[in-house]
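Everything on this sheet refers to the single structure shown next.
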Amino acid sequence: MTFSGTQHQDAAGDAPARLSHRQITTVMSGLVLGMFLGALDQTVVSSALRTIADDLHGLTAQAWVTTAYLITATIATPLYGKLSDIHGRRPVHLAAIALFTAGSLLCGCAGSIYELAAFRAVQGLGGGGLMSLAMTIVADLTTPRERGRYQGWFMAVFGGASIVGPLVGGAFADRATLLGIDGWRWIFLINVPLAAAAAVTIVRVLRFPHRRVRHRLDHPGALALALSLVPLLTVAEQGRTWGWASAPALLMYAIGGLGLALFVMAEHRMGDAALLPPRLFRIRAFRLGVGLHFVVGVGMFGAMTTLPLYLQLVRGMSPMAAGLATLPTVAANLTVTLLVGRLIARTGRFKVHLVAGLGSFTAAMLVFATLRVHSPLWHASLGMALMGAGLGASMQTLTTLAQCDVPRTDMGAATASVNFFRSNGGTAGTTAFLSILFTTAAGRITGRLAEARHDPAYRRLLARPDNAHALTGVLRPGGGVALEDSAFLRALDPRAALPFLEGYVSSMRLVFLTGAAVSLVAFLIAAWRVPNLTLSDE
């Protein structure tokens with residue numbers, strides 16, 4: 001399908017005057033499929049990573065599979081925004097899909113954990129553009145008032161991927177072989193036909209003329225950004241193994257800090273050609289939008305990392321069962337996302353939804369902070385529903401806030417900045433929350449074990465051969481515990497496991513309280529600092 005009619009072209013190129021709802025929906029079909037690929041890939045791999053690492057004999061190196069993708073995707077995100085402003089949305093989006101497809105095919109053929117990490121880096125080069133470019137294209141096609149209605153679909157897709165991913169990953173990982181190929185390899189190979197369908201759809205429906213703009217590409221900024229992010233993301237992933245104050249960690253901090261200083265200098269020197277143009281940060285709405293995206297990203301990704309651990313470690317659920325248990329999050333997210341998008345399109349007001357969404361997310365963190373070992377499932381489900389509703393109301397409105405005063409010529413760079421700051425917030429949140437959890441869990445479990453051992457009945461329970469065998473290598477001579485592997489919990493008598501579960505839950509409550517504090521900061525900033533704008537219908 002090709003859209004005809006008068007096209008208004010500005011310096012950014014891809015901006016038709018007005019499209020009907022049907023035309024925009026047609027374009028969205030291709031964008032949603034591409035975004036679903038990127039969102040699904042992150043969740044589907046995490047649920048099967050242990051199986052993959054065992055098969056490739058790289059259990060201790062499995063973190064690099066996640067880190068490699070994260071590094072290249074984060075660095076590539078602002079590059080895609082700038083490249084699409086210069087060369088047009090469609091060719092750059094197709095290049096992102098092609099890179100993602102090539103990386104997926106290579107991952108499916110990996111012969112070692114280090115090969116898989118390298119191929120995941122290729123995949124991340126494409127994945128970094130799938131979400132930001134889709135959101136940029138919607139910003140090109142719609143007025144600020146309409147934007148939330150359509151961008152809400154993306155948030156719903158992201159939420160849907162979070163439930164489908166663990167199910168698909170678990171299903172493939174549970175199969176030894178499928179059509180003569182290792183089951184886990186299909187996690188990557190299935191991306192190939194899906195990406196081909198997305199590319200065909202984009203070629204057919206996204207045909208807006210682009211007027212070539214002569215701009216310099218910010219090579220110094222890109223190199224400085226890599227120098228900053230690679231060591232910081234590496235230490236974020238490896239810090240618990242190295243030690244946060246170890247010599248390798250301190251070296252990474254120093255290199256990352258130097259890279260950040262060089263990046264700021266490069267951006268000021270490049271001016272209009274910068275990856276993250278400094279002039280954008282003079283726009284108050286943009287500053288608030290990307291800043292809040294970072295803060296909300298900390299809480300959102302931290303919670304989304306910790307909650308599955310509660311369901312699997314404490315409740316003993318499989319990855320597939322835990323994924324099904326998070327259906328309240330997806331249902332609430334989808335419902336509120338679509339509702340808020342329509343309300344913004346009707347009224348042009350978004351602040352009320354932003355504040356309400358952040359309030360709901362803060363309430364969800366507080367609900368999670370009251371979980372116990374034997375809490376009924378509806379208790380966790382209440383928190384999930386509040387979290388889904390909060391994210392559904394806040395994420396699309398934060399993107400709208402960041403975009404609302406940005407010139408169309410900078411829309412690609414601005415939207416890439418939104419995703420860049422959210423991704424970095426998510427990395428910081430995941431690292432901080434998991435660090436808090438595993439740093440405090442050992443001490444809290446040790447304390448509860450010491451209390452339980454005052455009971456002769458519990459000592460006799462631990463001495464039983466089956467429990468003693470399960471705890472081999474877990475209980476240390478000095479009374480401490482080793483928590484590198486949680487498999488012993490499945491073999492342990494539930495009564496013997498209770499002090500371990502209580503220790504884990506106690507640390508998780510601390511994590512969620514930290515998340516509530518972070519979310520409360522975002523709520524207060526939104527309530528007091530975000531202007532109560534009425535979005536334009538032009």
Side-chain angles (χ1 to χ4, degrees), residues 8 10 12 14-28 31-32 132 134-159 280 282-293 296 332-361 388-415 417-419 422 522-538:
H8 171 68
D10 56 23
D14 302 53
R18 291 296 291 271
L19 298 180
S20 68
H21 172 66
R22 181 174 176 273
Q23 289 174 316
I24 295 174
T25 302
T26 304
V27 174
M28 289 283 290
L31 301 181
V32 162
S132 63
M135 296 174 71
T136 301
I137 291 168
V138 170
D140 288 333
L141 301 182
T142 59
T143 66
R145 180 176 291 196
E146 296 173 324
R147 204 165 289 157
R149 177 181 181 185
Y150 297 104
Q151 287 180 340
W153 294 10
F154 293 150
M155 298 301 105
V157 167
F158 193 79
L280 290 180
R282 293 194 286 269
I283 301 172
R284 184 188 178 203
F286 176 80
R287 289 198 310 270
L288 286 168
V290 295
L292 285 170
H293 259 294
V296 173
N333 181 273
L334 178 61
T335 302
V336 174
T337 292
L338 298 178
L339 176 62
V340 168
R342 289 183 176 276
L343 290 174
I344 293 175
R346 183 180 303 168
T347 66
R349 299 277 183 169
F350 66 89
K351 178 177 178 176
V352 61
H353 308 298
L354 172 56
V355 173
L358 293 174
S360 178
F361 187 77
L391 294 176
S394 62
M395 295 307 289
Q396 60 177 310
T397 48
L398 283 174
T399 302
T400 300
L401 171 65
Q403 292 174 334
C404 66
D405 286 340
V406 172
R408 198 176 285 272
T409 51
D410 287 325
M411 193 59 69
T415 308
S417 299
V418 168
N419 289 279
R422 182 176 60 239
F523 172 80
L524 294 175
I525 292 174
W528 293 101
R529 300 285 294 168
V530 172
N532 192 20
L533 302 173
T534 300
L535 296 174
S536 161
D537 198 23
E538 298 179 357

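- Partners of Val336 under the side-chain contact (heavy atoms from CB on, under 4.5 Å) rule, at least two apart in sequence or in another chain, are Val340, Ala389, Ala393.
- Taking CZ of Arg284 as the reference point, atom CG of Leu401 lies at 9.5 Å (rounded to 0.5 Å).
- Residues His353 and Gln396 form no side-chain contact, since every pair of their non-hydrogen atoms from C-beta on lies 4.5 Å or further apart.
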task = Decide side-chain contact (heavy atoms from CB on, under 4.5 Å) for His293 and Thr399; before the verdict, give the C-alpha distance in whole Å, the side-chain angles of both, and the deciding distance to 0.1 Å.
result = CA-CA 8 Å; His293 259 294; Thr399 302; 3.3 Å; yes
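- Residues Leu358 and Ser394 approach most closely at CD2-CB, 4.0 Å, considering heavy atoms.
- Among all heavy-atom pairs drawn from Thr337 and Asn333, the shortest one is OG1-O, 2.6 Å.
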request  = For Val296 and Arg422, run side-chain contact (heavy atoms from CB on, under 4.5 Å): C-alpha distance rounded to whole Å, both residues' side-chain angles, the deciding distance at 0.1 Å, then the answer.
outcome  = CA-CA 7 Å; Val296 173; Arg422 182 176 60 239; over 6 Å; no
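- Between Phe286 and Ser417 the shortest heavy-atom distance is CZ-CB, 3.7 Å.
- Not one N or O on the side chain of Lys351 forms a donor-acceptor pair closer than 3.5 Å with the backbone of Thr397.
- Annotation: side-chain contact (heavy atoms from CB on, under 4.5 Å) contacts of Ile525 (sequence neighbours excluded): Leu288, Leu292, Val521, Arg529.
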